[in-house]
Amino acid sequence: MDEDVWEFIWMKFHSTTAVSEKKILLEALTCSDNRNLLNRLLNLSLNSEVVLDQDAIDVIIHVARNPHGRDSAWKFFRDKWKILNARYGEALFMNSKLISGVTEFLNTEEELNESGQSHSYPEGYPGGFRLKNFIQLHKVGSAVAPLSRALETVDANVRWQRLYREELFQWLRRTLKQ
């Protein structure tokens, strides 16, 4: 979707009063292949006067499910963790939903164990932003169980990739040739 379409949907989102329509329009905004628009939406989701707190989680998760937004959502989650955890930390279900939604599609060794060499990271993040380091630094309070489950999920995703990716690609090549 180009920027004009995105802006049109954004204006419709602001003009409607129907909660169900707002949810549909917000989800539509997360379908863009424009990373700048996705980043803009992620940042707007922190403003509770623009996007309701309970809908902000869905925005972040839907951007994470978009192949063009997955990295942006993961970076946003890490960069804004203190704000997000302060907002949703006590609401265990919301925090758990957010953590699993942002990490469930991470599936590479690099995402699990990012070296951090090609990034600049804020002070206090030794070794970069790999999931394992992030969890070690933030595994407190109500985030302990969801972060542990996220690590298990990503670890299982990485193992599946390692074991079956090439086999799957070979099968697809054979099947598509027929």
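Both backbone and side-chain heavy atoms feed into the values below; hydrogens, waters and symmetry mates do not.
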Quiz item: Is it true that a side-chain atom of Thr30 and a backbone atom of Glu27 form a donor plus acceptor pair closer than 3.5 Å?
Solution: yes
Quiz prompt | Validation row: Ser96, Arg149 side chains within 4.5 angstrom (heavy atoms) | solution = yes
Quiz prompt | Same apolar cluster (I L V M F W Y, side chains within < 4.5 Å links), Trp74/Phe105 | solution = no
Exercise. Name all pairs fulfilling the ring-ring contact (aromatic ring centres under 6.0 Å, His included) condition that reach into residues 153-178, sequence neighbours left out, sorted by first residue then second.
Key: Trp160-Tyr164
Quiz item: Please walk me through it: do Asp33 and Met1 pass side chain to side chain contact (heavy atoms under 4.5 Å, CB included)?
Solution: CA-CA 7 Å; Asp33 58 0; Met1 113 179 32; 5.8 Å; no
Quiz item: Can you check whether His68's main-chain N or O pairs, donor with acceptor, with Arg35's side chain at less than 3.5 Å?
Solution: yes
Quiz prompt | Pairs involving residues 59-74, ordered by first then second residue, that meet salt bridge (Lys or Arg N to Asp or Glu O under 4.0 Å) (sequence neighbours left out) | solution = Arg65-Glu104, Arg70-Glu111
Quiz item: Side-chain heavy atoms under 4.5 angstrom apart, residues restricted to Ile, Leu, Val, Met, Phe, Trp, Tyr: same cluster for Leu37 and Ile24?
Solution: no
Practice problem: Verify, without hydrogens or angle tests, whether Asn66 (side chain) and Ser32 (backbone) share a donor-acceptor contact under 3.5 angstrom. | Solution: yes
Quiz item: In terms of hydrophobic clusters joined by side-chain contacts under 4.5 Å, are Ile57 and Trp81 together?
Solution: yes
Quiz prompt | salt bridge (charged side-chain N to carboxylate O under 4.0 Å, His left out) between Glu7 and Lys12, worked out | solution = CA-CA 9 Å; Glu7 289 292 342; Lys12 289 292 267 181; over 6 Å; no
Practice problem: Kindly compute the distance separating CG (Leu84) from CG (Asp79), expressed to the nearest 0.5 Å. | Solution: 10.0 Å
Quiz item: Can a salt bridge be assigned to the pair Glu152 and Arg159 using a cut-off of 4.0 Å between side-chain N and carboxylate O?
Solution: no
Quiz item: Applying the 4.5 Å side-chain criterion to the ILVMFWY set and letting contacts propagate, would Phe76 and Ile83 be lumped into a single cluster?
Solution: yes
Exercise. Please test Lys22 against Asp55 for side chain to side chain contact (heavy atoms under 4.5 Å, CB included), starting from the C-alpha separation and ending with a verdict.
Key: CA-CA 9 Å; Lys22 278 190 172 293; Asp55 294 336; 5.6 Å; no
Quiz item: Roughly how far apart are Leu52 CG and Asn47 CG, rounded to 0.5 Å?
Solution: 10.5 Å
Quiz item: Going only through I, L, V, M, F, W and Y residues with side-chain contacts under 4.5 Å, is there a path from Leu26 to Val5?
Solution: yes
Quiz item: Taking the side chain from Ser15 and the backbone from Met11, do they hold a donor-acceptor pair closer than 3.5 Å?
Solution: yes
